[in-house]
Amino acid sequence: MKASTYIFIGPQGSGKGTQAKFLVQKLDAEFVEMGGLLREISGQDTDFGRHVKSLVDNGFLLTDEDIEKVLSQKLSQIDLSKKIVFDGVPRRIGQATFLLKLLFDSGRSDIISIYVNLPREETFKRLSLRRVCEVCKTPAISNGSADQVCEKCGGKLTVRKDDTPEAIAKRLDLYEQDTLPVVDYLKEKTKLVEINGDQPIEKVRTDINQALGL
Ligand SMILES: [Zn+2]
């Protein structure tokens, strides 16, 4: 059987990361998750590692060239006979054209894009409820109570500095400006399925499996 490639795309807070992990498990696939990859690389004691770390630490976005370097490197390390699931990339058209070229050039023409869609208001609401424990850094979701503490250690929960309403609005603007065009591009170049992300996790999971015929 030909190895398939799956590309998850959608706004932050849509739950696509969780769904991507479910799919990786189900298919025993290789997983290319850009956020984790960048954290891993920024821990490496190399010129590129230090370069990535300085960008990530200061909240700057990597250039498309940097992302391309990370992608080429990762793809040279994984088992290409297996299925591959991508999450967190591509976020811009430049990254999308590069990734598809890489995949097509390596004979991976069976590409399925999974667009987990969520209305802007709902995305905003979900991101506004995110908290993190001040002590052990475990993420949490606010239940609206001011007395809520960390489930793990009982520590105080706080809003991350990049989750202020202004910062969230800015990220969503950027998503609409840079990433939504990628959805159209993937629709044109790959088989794209659109999934309603405004549902419980288990329902989204079922919808994805059904759309993929799994
Ligand atoms: Zn804690």
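When a ligand or atom number is given, it counts from 1 through the structure's own listing order. Values reported hereafter were calculated over all heavy atoms of this structure, with side chains retained and with hydrogens, waters and symmetry mates removed.
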Requested in this report: Compare all side-chain heavy atoms of Lys16 with those of Ile9 and state whether any distance is below 4.5 angstrom.
Outcome: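 Lys16 vs Ile9: side chains apart.
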**Report entry** Cation-pi geometry met for Lys69 and Phe48 (6.0 Å, 45°)
**Finding:**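 The answer is yes; both the distance and angle limits are met.
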Query raised in the report: Around the Zn ion (ligand 1), how many protein N, O or S atoms are closer than 2.8 Å?
Result: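 Number of qualifying protein atoms: 4.
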Requested in this report: Flag yes if more than 12 heavy atoms outside Leu102 fall under 6.0 Å of its CG atom; otherwise flag no.
Outcome: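 Correct, the count exceeds 12.
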Contacts table for residues 175-188: side-chain donor-acceptor under 3.5 angstrom, sequence neighbours left out:
unit_1	atom_1	unit_2	atom_2	d
Glu176	OE1	Arg120	NH1	3.2
Glu176	OE2	Arg120	NH1	3.0
Thr179	OG1	Arg91	O	2.9

Query raised in the report: Using 4.0 Å as the upper bound for N to carboxylate O, is an ion pair formed by Asp45 and Arg50?
Result: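 Yes, charged N to carboxylate O under 4.0 Å.
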Report task. With Asp163 as reference, evaluate Arg130, Lys170, Arg126 under the salt bridge (Lys or Arg N to Asp or Glu O under 4.0 Å) test and give the passing residue. Result ->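 The residue from Arg130, Lys170, Arg126 that satisfies salt bridge (Lys or Arg N to Asp or Glu O under 4.0 Å) with Asp163 turns out to be Arg130.
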